[in-house]
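Have a look at the structure below before the remarks.
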Amino acid sequence: MKQVTVAGAGKIGSAIAELLHHGGYGVTLLDCHADHLQALVLPEGIKRRTVDIAKGLDAELLNGQFAVLSALPFHLTRNIAKAAATAGTHYLDLTEDVASTKDVRALAEGASSAFIPQCGLAPGFVSIAAHDLAEHFDEVETIRLRVGALPRFPSNALGYNLTWSTEGLINEYIEPCEAIVDGRRVLVPALDGVETLGVDGVTYEAFNTSGGLGSLCETYEGKVRELNYRTMRYPGHRDIMKVLLSDLRLSERRHILQDIFTHAIPGTAQDLVVLSVIVTGLKNGKLQQKTVARSIEAQDFMGGFRTAIQLTTAGSICAVLDLLAEGKIPTQGFVRQEDIPLADYLANRYGKIYQ
């Protein structure tokens with residue numbers, strides 16, 4: 001039985017702990033809030049430890065651990081990755097934050113263990129799918145990734161309910177977004193690039209958000225004409241966010257916006273993840289298009305009911321951990337999502353939720 005540590009006992013972190021426990025891993029769950037940690041209803045056998053990772057993580061806590069998986073806010077990433085590097089423990093995270101991933105890459109240099117950031121939905125599965133589609137072309141022209149984590153039954157002007165980290169949500173709406181435009185790697189503003197698209201008869205809007213491409217810009221720089229990532233929402237969401245962040249300048253006072261969202265926007269377990277990965281290019285001299293599209297709803301999976309965002313995010317990092325344990329992906333240094341074979345991922349017991 002491989003021993004693993006999961007840092008962060010929120011909705012995603014606790015789901016990761018449960019899935020790994022049901023999958024035969026020995027799991028220790030860390031969180032800074034002792035009352036919250038003890039109140040969680042978890043399978044017997046999952047160990048709980050109260051640790052304030054904001055003050056640093058003692059590398060000794062990772063001794064004998066096969067891996068540490070971070071489900072904490074992006075600004076705590078370096079503390080966990082640094083401890084993993086010291087302990088020689090494999091490191092995986094869910095961050096979408098570009099600066100945090102650069103810290104992980106730096107710590108991975110010369111490391112004896114694997115450092116695999118961005119193992120969630122986007123970046124994560126969509127990065128793996130996009131790279132696999134691109135491999136089918138002689139020459140790639142465009143790569144477009146569109147992802148939405150949405151309520152099935154929207155009931156407010158934002159058309160939105162809280163389904164994951166509010167802090168991470170606000171961060172991706174504010175930070176500049178990497179893209180490739182006319183063959184050049186550039187930064188574009190968040191909330192720009194608005195477009196309308198339809199999936200399964202439902203109309204959505206999509207717009208630039210930060211972090212969803214992971215390392216794809218680096219991988220495809222100089223190889224494609226266009227590469228971008230946009231978040232999908234119900235129509236009207238982006239305009240309201242533009243008012244809040246730009247006109248009312250709440251982008252400069254994130255803690256206030258986070259407090260407003262947490263107080264006023266309810267969570268929901270009736271959620272939906274919609275994704276579309278579209279690649280165009282030349283094959284045998286002809287312009288062709290290949291698409292991977294999925295709509296994933298909340299459902300029972302591996303011992304309990306999981307929301308769609310839990311399935312796609314927690315399930316994704318668990319699949320990558322399995323592939324690492326099986327030696328199907330690199331076990332040392334910095335590992336990109338593009339290094340993970342899609343076929344192996346989809347055949348995995350956790351990755352099959354994307355089938």
Side-chain angles (χ1 to χ4, degrees), residues 3-23 25-58 60-62 65 67-81 83-84 91-97 100 119-121 149 151 160-171 254-271 298 300-318 321:
Q3 300 296 318
V4 297
T5 294
V6 178
K11 293 178 182 178
I12 301 300
S14 57
I16 293 170
E18 288 190 36
L19 292 177
L20 292 179
H21 171 78
H22 284 291
Y25 289 91
V27 181
T28 300
L29 182 60
L30 309 182
D31 200 85
C32 65
H33 300 291
D35 292 345
H36 168 73
L37 191 59
Q38 294 307 315
L40 288 173
V41 179
L42 297 171
E44 197 173 323
I46 295 178
K47 300 176 184 176
R48 312 174 200 218
R49 185 188 292 269
T50 304
V51 179
D52 187 357
I53 294 177
K55 297 179 180 178
L57 177 62
D58 188 346
E60 291 187 2
L61 293 178
L62 300 181
Q65 298 292 293
V68 57
L69 292 75
S70 175
L72 284 169
F74 63 90
H75 59 81
L76 299 176
T77 293
R78 182 172 176 80
N79 289 353
I80 305 168
Y91 169 86
L92 299 85
D93 72 33
L94 299 169
T95 187
E96 298 178 348
D97 185 64
S100 299
C119 297
L121 165 61
Y160 192 74
N161 290 96
L162 297 178
T163 59
W164 64 290
S165 165
T166 307
E167 190 172 9
L169 174 75
I170 294 169
N171 185 68
R254 298 189 192 193
H255 65 287
I256 294 177
L257 184 60
Q258 184 174 346
D259 183 65
I260 291 171
F261 273 26
T262 302
H263 175 74
I265 301 178
T268 184
Q270 296 172 299
D271 65 335
D300 288 325
F301 182 76
M302 268 201 174
F305 178 82
R306 318 290 178 195
T307 65
I309 195 66
Q310 285 177 326
L311 284 169
T312 53
T313 306
S316 184
I317 197 171
C318 291
L321 179 67

Flag yes if more than 12 heavy atoms outside Asp300 fall under 6.0 Å of its CG atom; otherwise flag no.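 Yes, because the 6.0 Å sphere around CG of Asp300 holds more than 12 heavy atoms from other groups.
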
State whether the number of non-hydrogen atoms from other residues, nucleotides or ligands found under 6.0 Å of His36 atom NE2 is greater than 12.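 Result for NE2/His36: enclosed.
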
Which donor-acceptor pairs under 3.5 Å do side chains of residues 256-265 form with protein atoms, sequence neighbours excluded?
residue	atom	partner	partner atom	Å
Thr262	OG1	Gln258	O	2.8

Got a second to check how far [X]'s [atom1] is from [Y]'s [atom2], nearest 0.5 Å?
X: Cys318; Y: Met302; atom1: SG; atom2: CE; answer: 8.0 Å
X: Leu321; Y: Ser316; atom1: CG; atom2: OG; answer: 11.5 Å
X: Asn161; Y: Ile309; atom1: CG; atom2: CD1; answer: 13.0 Å
X: Ile317; Y: Thr313; atom1: CD1; atom2: OG1; answer: 9.5 Å
X: Leu57; Y: Leu62; atom1: CG; atom2: CG; answer: 5.0 Å
X: Ile170; Y: His255; atom1: CD1; atom2: NE2; answer: 11.0 Å

Which residues pass the side-chain contact (heavy atoms from CB on, under 4.5 Å) test with [X], sequence neighbours left out?
X: Glu60; value: Asp58, Asn63
X: Asp97; value: Phe74, Thr95, Ala99, Ser100, Asn171
X: Ala7; value: Ile53, Leu72, Ile80
X: Ala269; value: Phe305, Thr307

How close do [X] and [Y] get, heavy atom to heavy atom, and via which atoms?
X: Ala15; Y: Ala314; value: CB-CB, 4.0 Å
X: Asp271; Y: Ala308; value: OD1-N, 2.7 Å
X: Leu29; Y: Ala17; value: CD1-CB, 4.2 Å
X: Thr268; Y: Pro151; value: CG2-CB, 4.2 Å

Sorted by chain and residue number, the ring pair (Phe, Tyr, Trp, His ring centres under 6.0 Å) partners of Tyr160 (sequence neighbours excluded) come out as His237

Side-chain heavy-atom pair Thr50, Leu37 within 4.5 angstrom cut-off: yes

Heavy-atom side-chain contact between Asp31 and Leu40 under 4.5 Å: no

Pairs flagged by salt bridge (Lys or Arg N to Asp or Glu O under 4.0 Å) wherever residues 8-21 is involved - sequence neighbours left out: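 Every salt bridge (Lys or Arg N to Asp or Glu O under 4.0 Å) pair that includes a residue of residues 8-21, provided the two are not neighbours, is Glu18-Arg306.
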
Give a yes or no on whether the backbone of Gly45 and the side-chain of His21 come within a donor-acceptor separation of less than 3.5 Å.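 Between the backbone of Gly45 and the side chain of His21 there is no qualifying donor-acceptor contact (under 3.5 Å).
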
Just grab all the side chain to side chain donor-acceptor pair (under 3.5 Å) pairs involving residues 68-80, residues at least two apart or on different chains. His75-Glu167

Could you list the residues that satisfy salt bridge (Lys or Arg N to Asp or Glu O under 4.0 Å) with Arg49, not counting sequence neighbours?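 By the salt bridge (Lys or Arg N to Asp or Glu O under 4.0 Å) rule, Arg49 matches no residue at all.
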
Taking only residues two or more places apart in sequence, or in another chain, which ones meet Thr163 in a side chain to side chain donor-acceptor pair (under 3.5 Å)? none

When Leu69 is tested against each of Leu20, Asp93, Thr5 for side chain to side chain contact (heavy atoms under 4.5 Å, CB included), which residue passes? Leu20

